[in-house]
A.B. asks: 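Handing you this structure, nothing more for now.
Atoms considered below: every heavy atom in the structure, side chains included; atoms not considered: hydrogens, waters and symmetry mates. Just so you know, these numbers come straight off a predicted model, no measurement behind them. Labels below follow one simple rule: chain letters A, B, ... track the order of the sequence lines, proteins then strands, and each chain is numbered from 1.
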Amino acid sequence: MTDTLKIASWNINSVRFRIGIVEQFLKNEAPDILCLQETKTVDETFPADAFRQLGYVHQVLNGQRMHHGVAIVSRVPIAEDDRLDWQANGEARHVGVRLGNGLRLENVYVPAGGDIPDRDLNPKFGQKLDFVERMTRWSEGLDVPTLLVGDFNIAPLECDVWSHKQLLDVVSHTPIEVEALGRLQAAHGWIDLGRRFVPPPMRLYTWWSYRAKDWAASDRGRRLDHMWASPAVAEAAVAHRVYEDSRGWLKPSDHIPLLTEFRL
DNA sequence: ATGTCGGCCCCCGGCCGA
């Protein structure tokens with residue numbers, strides 16, 4: 001008997017403000033597990049009941065006041081929850097769990113990194129690079145099948161952005177970030193599921209700025225969100241897609257959900 | 001350079017971070 005498992009990841013930009021579209025997404029797609037980033041709430045005011053009513057009774061939260069915050073909600077049991085601080089400053093940017101089948105699921109919100117791509121002029125950029133470096137050290141020591149998902153805030157490939165040339169100096173697509181992300185990927189042999197299923201040079205974006213007059217018409221997107229799998233886990237992935245519809249919904253997040261289906 | 005969001009509060013307009 002084969003068992004399918006559908007896992008979603010979404011930077012929601014305030015889970016309380018957008019709980020309505022989260023419910024809509026869960027009703028439409030019925031993933032087994034949803035990983036959220038930028039929940040922007042402490043755990044006490046996380047909309048736990050709304051998720052419970054849709055069957056997502058297993059909830060592992062790592063929230064904080066005002067900014068950041070991550071969560072995993074699930075219809076299947078999750079255990080051994082873990083919260084790592086890859087920035088060493090107390091911000092809530094990671095939560096990990098283990099599934100019943102042994103798979104580890106790690107949900108991360110990498111710092112955006114500010115506007116200036118220079119760690120001397122902009123400490124936030126340095127913190128972002130240091131965060132990715134700590135993830136790299138962590139990846140080197142990984143010895144369990146793992147799925148790493150979330151908002152990495154880096155679009156590595158030329159076809160991951162609307163204009164490679166115009167974004168070379170824009171934080172999220174600078175060579176220094178792309179190289180750091182490359183070292184992270186190599187540290188565990190991570191398989192980029194997005195590009196396994198939508199290979200270059202195909203267009204694949206997960207984020208469109210709120211500042212565009214018409215996000216769909218200008219289509220100035222970036223692929224900032226990712227799902228990376230250990231090699232053995234990637235073998236079990238049978239489908240992957242992004243849910244672009246939700247960017248056009250009322251009061252949307254600027255990010256869209258990613259979905260991967262596994263046959264285990 | 002701009003644009004638009006959500007959340008916050010010496011409470012509702014002006015910031016911060018994205």
Side-chain angles (χ1 to χ4, degrees), chain A residues 9-25 35-47 50 61-71 85-94 107-119 121-132 149-156 160-163 165-174 176-177 180-181 205-226 244-258:
Chain A
S9 173
W10 195 3
N11 178 321
I12 195 59
N13 185 16
S14 177
V15 68
R16 286 184 294 167
F17 187 77
R18 275 181 244 287
I19 188 61
I21 63 168
V22 175
E23 289 170 329
Q24 188 61 58
F25 171 69
C35 298
L36 293 166
Q37 304 89 39
E38 279 206 87
T39 53
K40 291 190 173 180
T41 176
V42 294
D43 297 347
E44 290 70 26
T45 49
F46 184 85
L61 313 177
N62 185 16
Q64 70 172 80
R65 190 173 164 274
M66 204 148 34
H67 299 301
H68 325 309
V70 288
D85 184 0
W86 283 313
Q87 212 173 196
N89 68 355
E91 290 179 354
R93 294 178 174 276
H94 166 268
N107 176 19
V108 67
Y109 175 47
V110 176
D115 289 330
I116 305 165
D118 181 323
R119 68 157 70 229
L121 299 174
N122 168 23
K124 286 180 184 174
F125 190 70
Q127 286 174 340
K128 180 181 195 176
L129 296 175
D130 293 345
F131 189 103
V132 173
V149 309
D151 178 0
F152 293 13
N153 266 313
I154 299 173
D160 289 337
V161 294
W162 64 276
S163 167
K165 278 186 182 173
Q166 286 179 254
L167 289 173
L168 271 171
D169 294 324
V170 175
V171 173
S172 73
H173 191 61
T174 64
I176 188 167
E177 291 167 273
L181 193 69
Y205 306 145
T206 66
W207 174 89
W208 293 259
S209 170
Y210 285 125
R211 295 170 191 176
K213 271 184 191 145
D214 183 334
W215 72 276
S218 57
D219 197 28
R220 296 186 168 191
R222 305 179 203 171
R223 187 169 73 107
L224 302 179
D225 304 271
H226 302 274
E244 204 167 308
D245 285 4
S246 69
R247 186 62 181 80
W249 290 352
L250 202 61
K251 293 278 182 189
S253 171
D254 44 355
H255 296 255
I256 59 170
L258 286 68

A.B. asks: So which nucleotide from B:dG7, B:dA18, B:dT4 ends up closest to the side chain of A:Arg93?
C.D. replies: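 Of the candidates, B:dA18 comes closest.
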A.B. asks: Considering only atom C1', compute the distance from B:dC11 to B:dC15 and round it to an integer number of Å.
C.D. replies: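 Per the computed distance, 14 Å lies between those C1' atoms.
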A.B. asks: Please give, in whole Å, the distance from B:dC8 P to A:Gln64 CD?
C.D. replies: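 The distance from CD of A:Gln64 to P of B:dC8 comes to 11 Å, rounded to the nearest Å.
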A.B. asks: What's A:His68 touching, base or sugar-phosphate or nothing? Going by heavy atoms closer than 4.0 Å.
C.D. replies: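 Sugar-phosphate, no base atom in range.
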A.B. asks: Is a side-chain donor or acceptor of A:Ser218 paired with a backbone partner of A:Asp214 at a separation under 3.5 angstrom?
C.D. replies: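 Yes: the side chain of A:Ser218 pairs with the backbone of A:Asp214.
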A.B. asks: Given the P atoms of B:dG7 and B:dG3, what is the spacing between them in whole Å?
C.D. replies: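 The same atom, P, in both gives a distance of 22 Å.
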A.B. asks: How many Å lie between NE2 on A:His255 and P on B:dG6, as a whole number?
C.D. replies: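 In whole Å, B:dG6 P and A:His255 NE2 are 13 Å from each other.
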A.B. asks: Heavy-atom nearest nucleotide on DNA chain B for A:Lys40 versus A:Tyr109: which residue maps closer to 5'?
C.D. replies: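 Its nucleotide being nearer the 5' end, the pick is A:Lys40.
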A.B. asks: Hey, is A:Asp85 close enough to A:Arg93 for a salt bridge, meaning N to O under 4.0 Å?
C.D. replies: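 Salt bridge flag = no for A:Arg93 with A:Asp85.
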A.B. asks: Quick one: which of A:Trp208, A:Trp162, A:Tyr205 gives a side-chain hydrogen bond (donor to acceptor under 3.5 Å, both in side chains) with A:Asp219?
C.D. replies: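 Result: among A:Trp208, A:Trp162, A:Tyr205, A:Trp208 is the only option passing the side-chain hydrogen bond (donor to acceptor under 3.5 Å, both in side chains) with A:Asp219.
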A.B. asks: Check whether the side chains of A:Tyr210 and A:Asn13 place a donor and an acceptor atom closer than 3.5 Å, and report yes or no.
C.D. replies: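 Yes - a donor-acceptor pair under 3.5 Å links their side chains.
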A.B. asks: Tell me yes or no: between the side chains of A:Arg222 and A:Ser172, is some donor less than 3.5 Å from an acceptor?
C.D. replies: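 Yes, because at least one side-chain N or O of A:Arg222 sits under 3.5 Å from a partner of the opposite role on A:Ser172.
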A.B. asks: Decide yes or no on salt bridge (Lys or Arg N to Asp or Glu O under 4.0 Å) for A:Asp115 and A:Lys124, but give the supporting numbers first.
C.D. replies: CA-CA 9 Å; A:Asp115 289 330; A:Lys124 286 180 184 174; over 6 Å; no
A.B. asks: For nucleotides B:dC5 and B:dA1, find the distance between their P atoms and express it as a whole number of Å.
C.D. replies: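 One P to the other, the span is 22 Å.
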A.B. asks: Grab the N/O contacts between the protein and nucleotides 9-16 of chain B below 3.5 Å, and write none if there aren't any.
C.D. replies:
unit_1: B:dC9; atom_1: OP1; unit_2: A:Arg65; atom_2: NH2; d: 2.3

A.B. asks: Take atom NZ of A:Lys213 and atom C1' of B:dG3, then tell me their distance rounded to the nearest Å.
C.D. replies: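 That distance rounds to 9 Å.
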A.B. asks: Quick one: which of B:dC8, B:dA18, B:dG6 gets closest to the side chain of A:Arg16?
C.D. replies: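 So the nucleotide nearest the side chain must be B:dC8.
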A.B. asks: Which whole-number value in Å describes the distance from A:Arg220 CZ to B:dT4 P?
C.D. replies: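 Spelled out: CZ on A:Arg220 to P on B:dT4 is 14 Å.
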A.B. asks: For the side chain of A:Lys251, starting at C-beta, report the closest nucleotide among B:dG6, B:dC8, B:dA18.
C.D. replies: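 Nearest nucleotide to the side chain: B:dG6.
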A.B. asks: Could you give the CD1-to-C1' distance, from A:Ile12 to B:dG6, as a whole number of Å?
C.D. replies: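 Those two atoms, CD1 and C1', are 12 Å apart.
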A.B. asks: Assert yes or no for the condition that the ring centre distance of A:His94 to A:Trp86 is strictly below 6.0 Å.
C.D. replies: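 Yes, they do, as the ring centres are separated by less than 6.0 Å.
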A.B. asks: Measure CG/A:Asp115 against C1'/B:dA18 and give the value in whole Å, please.
C.D. replies: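 Distance, rounded to whole Å: 9 Å.
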A.B. asks: Could you state the CD-C1' distance from A:Gln37 to B:dG17, rounded to the nearest angstrom?
C.D. replies: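 Spelled out: CD on A:Gln37 to C1' on B:dG17 is 17 Å.
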A.B. asks: Mark yes or no for a side-chain to base donor-acceptor pair under 3.5 Å between A:Arg211 and B:dA18, with no hydrogen or angle criteria applied.
C.D. replies: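 Pair found.
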A.B. asks: What is the distance from CZ of A:Arg18 to C1' of B:dT4, rounded to the nearest Å?
C.D. replies: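 In whole Å, B:dT4 C1' and A:Arg18 CZ are 11 Å from each other.
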A.B. asks: Of A:Asn11, A:Asn107, A:Asn153, A:Asp151, which is the lone residue that meets side-chain hydrogen bond (donor to acceptor under 3.5 Å, both in side chains) with A:Gln37?
C.D. replies: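 Result: among A:Asn11, A:Asn107, A:Asn153, A:Asp151, A:Asn107 is the only option passing the side-chain hydrogen bond (donor to acceptor under 3.5 Å, both in side chains) with A:Gln37.
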A.B. asks: Which glycosidic conformation, syn or anti, is assigned to B:dC12 if syn requires a torsion within 90° of zero?
C.D. replies: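 Here the answer is syn: the torsion falls within 90° of 0.
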A.B. asks: Please measure how far the P atom in B:dC16 lies from the corresponding atom in B:dC10, and state the result in whole Å.
C.D. replies: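 Each nucleotide's P atom is 14 Å from the other's.
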